[in-house]
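Sequential numbering from 1 along the given sequence is applied to the chain's residues. No hydrogens, no waters, no symmetry mates; every other heavy atom, side chains included, goes into these values. Whatever order the structure lists them in is the order used to number ligands and atoms, beginning at 1.
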Amino acid sequence: MSDHHKTSTRLYTEDEMLQLSGIQHYVFCPRQWALIHIEQQWTDNSLTTEGTLLHENVDNPFLRETNGSQTITLRGFRLASPVLGLSGIADAVEIYPHENGPTSKQALLKSKLYDALPIEYKRGKPKITDCDRIQVAAQAIILEEMLGIKISKGAVFYWETRHREYFDISDELKEQTIKTASDMHAAFNNNFIPKAIKKSHCKNCSLLDNCLPSLKGRSAVKYLSDSIESIYETV
Ligand code: SF4
C-alpha cells in the first residue's frame, strides 16, 4: 500500500462506489459530471458515440492477449477501490516483466517483479484539461492497491492522432486525483449541481443542449454575476 493510501482514513463501501470514468467528466466540468451522474442525463453527441464504439472494441475482456513479446496486455480489466470510492474498467494494462522475473505468467503476477502501465483509449486528441491523465492516475492508484506494486507511468492513446502519450504519474497527480474523487463524493452526497459557466470547451460537451439553454435570455450582467457566484460555490 502506498503512502497516499495510508493517509486516507475513509474507506467506501460497494454501495457508495462512483463510476471511475466519471472522474474525467468531473475534471472536464463538474456540472457535466453532476448532470450525468446525479441527474442521470446523457445525450450522445457524435463525440461520445464514437468514443463508445471505440471502447466497445477495447473493453472486450476476451481480447486479453500477449503481443508476441514478453509484455502481457490485459484488456477490459475491472477495477475497484475502497480508498477512492471508484469502480470501473481499465481499457488496457500492459505488464512488463523485470529481467529477473519468472517466465510463467502466474508466477510473475505473484512475484510482483513487473511494472504495470495503465492505458486509456480516447477518440480525440490531447485536451487542454488534465481530465484524461487524472482518469489514468485513478486507474494507477487502484492498480497499486490491487496488485501491491508502485506505478509511476501512464498513457493515453488518442485515436484522432493515432498517438500514445506517456506521462509520469507523480505523487502530486495522485494527490490531485484523490482530492478530485473526494470532491465527487461530497457533491454526490449533497446532490450538488453547479451552475453553468460558459467555457471554451463547452462546444465539445455532450450536454451542451441540455445545459446551456439555461444561459439564454439572461442579460450579460446577470450571466456574469451568476458565473461569479457559481465560481465561489464550486471552489
Ligand atoms: S455545456 Fe459547458 S458548462 Fe454545461 S455541462 Fe457542458 S462543459 Fe459544463
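Salt bridge annotation for Lys174-Glu144: present, with a cationic side-chain nitrogen under 4.0 angstrom from a carboxylate oxygen. Contact check on Lys153 versus Glu94 returns no salt bridge, with no Lys/Arg side-chain nitrogen under 4.0 Å from an Asp/Glu carboxylate oxygen.
In this structure, the side chain of His185 engages the main chain of Gly85 through a donor-acceptor pair within 3.5 Å. Of the possible donor and acceptor atoms, none in the side chain of Arg133 sits under 3.5 Å from a partner among the backbone N and O of Asp130.
Counting non-hydrogen atoms of other residues, nucleotides and ligands closer than 6.0 Å to CZ of Phe167 gives a total above 12.
Excluding waters, the count of protein N/O/S atoms less than 2.8 Å from atom 4 (Fe) of ligand 1 comes to 1.
Figure legend: Arg10 and Tyr12 shown as a cation-pi pair, the cationic atom lying under 6.0 angstrom from the six-membered ring centre and within 45 degrees of its axis.
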